[in-house]
Asks: 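Handing you this structure, nothing more for now.
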Amino acid sequence: MSIFHLPDLGEGLADATVVRWHVQAGDDVRAEQLLVSVETDKAIVDIPSPQSGHVEALLAREGQVVPTHAPLVRFADQASVSTDAGSVVGHLPQQEARLSPQGFLIGRHRHTEARLQQTRARRESRAGVAGADVRFEGGEPLDPMRRAMAEHMARAHREIVPVTIHDEALIMLPDVRALMVLLVKALVAASRAEPSLNAWYDGDRQYRKLHDAVHVGIAVDTVHGLYVPVLHHAEQLSAEEMARRIDELKQMAQERRLTASQQAGATLTLSNFGSVAGRFATPLVMPPQVAILGTGHLCDVTTVAGDSRKQLPLSLTVDHRAVTGGEAARFLSVVMATLSAG
Amino acid sequence: MQMTVVEAVDLALARALSEDDNVVVLGEDVGRNGGVFRATVGLRERFGPRRVIDTPLAENLIAGVAVGMATQGLRPVAEIQFIGFMYAALEHLVSHAARLRNRTRGRITCPLTLRMPFGGGIHAPEHHSESTEALLTHIPGLKVLAVSSPQTAYGLLLAAIRDPDPVIVLEPERLYRSLKAEVPDDGQALPIGQCLTWREGDDVTLVSWGAAVQDCLQAAELLAADNISAEVIDVASLRPLDMATIVESVRHTGRCVIVHEACRTGGFGGEIAAQLVELAFADLLTAPRRVTAPDVIVPYLKLEPHYLPGVADIVAAVSDIMESS
């Protein structure tokens with residue numbers, strides 16, 4: 001047995017009048033179920049049951065004035081301590097609902113690339129720019145490889161301010177394998193002469209980071225799509241090591257065995273598109289990098305001096321937000337000089 | 001630990017009192033009685049009558065003493081029992097607390113916190129159910145925060161107490177004991193001037209503060225059944241106001257419904273709507289919509305349900321703008 005007493009309804013009110021009982025002797029009640037309405041000086045106050053249990057007896061009549069802390073209800077079960085909700089006036093709703101446990105996100109949580117892309121797409125379709133007119137029947141969704149390419153290229157196209165300069169280098173060339181090594185060497189030499197192209201740029205924060213190390217991303221065309229494995233620390237490698245590592249990376253790309261770390265961290269990119277066809281191009285810089293060198297189709301030429309050389313078309317794109325035209329031209333001139341010197 | 005809003009307030013106060021000897025709690029009945037809503041239970045017993053001070057029934061005095069304490073190195077946390085009783089305190093808040101830093105060229109600041117229960121829904125008599133926060137958000141120099149849950153009660157109150165300038169913390173009466181949530185006593189304050197996003201959505205942004213946030217969350221649940229995806233943003237800090245988060249959300253959804261318990265004219269929802277039109281006009285598919293109480297004095301308890309904007313009003317407003325845009 002336990003007794004429920006009229007709680008202090010706040011501010012030390014001396015008593016309250018029982019207006020209406022909502023339960024009867026013999027009822028089984030739940031905790032928080034409405035028990036009785038009482039009237040104080042200022043308002044009607046609904047008092048919930050402090051516990052679940054069996055009501056044995058009501059200890060006051062309707063209309064009776066009950067002093068604060070006087071017995072109100074006798075329960076058959078053991079009491080639990082009642083909650084003192086306070087409040088001189090009114091009735092505070094008691095725990096009707098629970099919050100969802102996941103909570104909230106603080107501030108501009110949407111500021112992720114995926115969210116912004118989604119927002120952009122919605123805005124464009126709203127404005128009638130894209131959407132309906134490019135839709136077609138049939139087709140299939142892109143595989144993950146092509147989807148990644150589409151996203152990376154769209155981002156590069158959107159973010160960077162590209163300038164491409166073209167020139168040709170006259171080279172003595174033993175074989176194609178040696179050409180890759182020579183190109184990497186040329187990039188290392190040019191990075192030493194003009195460090196602002198071997199750099200990363202964050203346009204949102206307007207931060208630039210110049211790198212001592214030269215990590216060359218090498219674009220590899222495969223039947224599965226485009227891969228860009230990275231030749232890390234090219235500046236520390238001998239020609240033999242370079243040739244061996246490049247072969248390894250290309251082989252792994254063809255076999256789709258590249259790990260994430262083998263494709264991360266490039267500070268410059270090299271694209272040898274001309275091994276198939278095409279002399280000049282406008283390669284796209286991949287942020288946060290600021291430069292990419294593309295090499296076109298090799299041609300045999302005979303120089304005025306009469307020696308037989310090959311002509312290698314070069315296309316250097318830089319992000320003009322981070323690189324000046326002069327820096328790009330000087331970089332390219334060092335590349336050409338290194339290539340010609342062999 | 002799972003706790004109610006009122007318990008979270010008590011916990012944050014105890015934390016602040018134990019962390020900083022300069023923190024002082026004062027107000028009517030905050031000591032022996034534990035507060036009209038029991039938000040200061042146990043504080044006087046634990047920290048003593050010099051730091052948890054019962055004042056006379058005089059809001060003018062409470063605010064004036066708090067300003068004085070704040071200028072002399074203390075961090076007073078004053079309670080006004082209901083926002084409807086703050087008008088006598090406004091002189092001190094507007095003419096002194098808000099401008100002491102400016103007046104003294106930064107020599108004297110006023111790190112006071114003023115807690116006030118606000119809003120209706122507890123069947124109370126006159127003066128006890130008002131939402132006159134727009135009177136405060138109009139004043140340069142005051143910061144105004146609104147609690148919507150146990151977690152934000154704890155985090156916002158700590159932020160207010162630690163802030164070097166006067167901060168008003170509004171606590172919704174009808175949520176005091178109607179919600180429970182996990183609130184770790186980790187001393188982590190929430191940032192002032194950042195919106196909180198309780199639910200992410202794509203079709204409409206619901207913007208509110210105080211108890212209305214919970215109504216918006218319920219409305220979002222109902223709307224989801226109708227395949228309408230609502231984002232729910234809790235403004236949390238009315239001044240300074242984080243429009244960036246609201247604009248970013250509305251750029252995404254294209255629609256905005258602002259919900260507040262305060263009456264319509266001159267309510268803070270109008271400020272948000274105006275800024276949205278200035279900052280995101282091209283992204284709005286339709287005009288921002290307000291769901292508010294009508295322009296009348298808060299009625300007694302029988303008419304209160306008709307006065308307070310409810311879940312059904314929010315759902316109706318959203319359905320309406322979804323049809324027209």
Side-chain angles (χ1 to χ4, degrees), chain A residues 7-13 19 32 34 37-48 68 82-112 114-129, chain B residues 2 4 6 28-29 33-39 41 81-82 120-125 128-129 148-152 173-182 190-191 193-200 202 214 217-218 232-234 236 242 244-245 248-249 251-254 282-283 285 300-301:
Chain A
D8 178 1
L9 299 169
E11 248 183 28
L13 285 176
V19 179
E32 307 301 335
L34 187 53
S37 299
V38 301
E39 188 173 20
T40 68
D41 291 356
K42 291 185 174 179
I44 303 283
V45 180
D46 292 333
I47 299 177
T68 300
S82 73
T83 309
D84 170 15
S87 181
V88 60
V89 292
H91 165 62
L92 297 187
Q94 304 272 325
Q95 290 159 34
E96 286 160 351
R98 294 218 159 191
L99 282 185
S100 52
Q102 71 266 24
F104 47 80
L105 299 157
I106 297 173
R108 298 177 69 187
H109 61 283
R110 257 187 206 293
H111 216 99
T112 61
R115 278 297 204 180
L116 290 176
Q117 266 181 20
Q118 212 190 341
T119 301
R120 209 173 288 118
R122 292 173 69 87
R123 295 173 71 197
E124 281 169 2
S125 74
R126 241 179 256 152
V129 173
Chain B
Q2 293 266 326
T4 61
V6 80
E28 295 156 16
D29 287 334
N33 176 279
V36 60
F37 287 110
R38 304 290 182 266
V41 167
Q81 286 195 340
F82 295 85
I122 68 158
H123 304 178
H128 294 73
S129 305
S148 66
S149 63
Q151 302 97 306
T152 62
E173 289 157 29
R174 72 177 148 108
L175 294 191
Y176 263 145
R177 290 178 184 278
S178 69
L179 289 175
K180 270 196 174 182
E182 190 67 30
L190 280 166
Q194 300 258 286
C195 289
L196 310 174
T197 303
W198 284 89
R199 183 182 175 121
E200 296 187 87
D202 296 322
Q214 298 301 331
L217 284 169
Q218 283 182 39
V232 178
I233 293 183
D234 175 358
D242 171 18
T245 296
E248 194 165 283
S249 171
R251 287 228 159 101
H252 186 76
T253 61
D283 294 302
L285 292 168
Y300 290 121
L301 57 117

Asks: Using the salt bridge (Lys or Arg N to Asp or Glu O under 4.0 Å) criterion, which residues pair with A:D46? Sequence neighbours excluded.
Replies: none

Asks: How far apart are the closest heavy atoms of A:I106 and B:Q194, and which atoms are they?
Replies: CG2-OE1, 3.6 Å

Asks: Identify which part of B:L285 has an atom lying under 4.5 Å from any heavy atom of chain A, answering side chain, backbone, both or neither.
Replies: side chain

Asks: Heavy-atom distance under 4.5 Å to chain A: side chain of B:D283, backbone, both or neither?
Replies: both

Asks: Less than 4.5 Å apart, any side-chain heavy atom of A:T119 and any of B:E248?
Replies: no

Asks: Measure distances from B:L175 to the heavy atoms of chain A and classify the residue's part below 4.5 Å as side chain, backbone, both or neither.
Replies: neither

Asks: Can you measure from CG (A:L105) to CG (B:D234) and round to the nearest 0.5 angstrom?
Replies: 12.0 Å

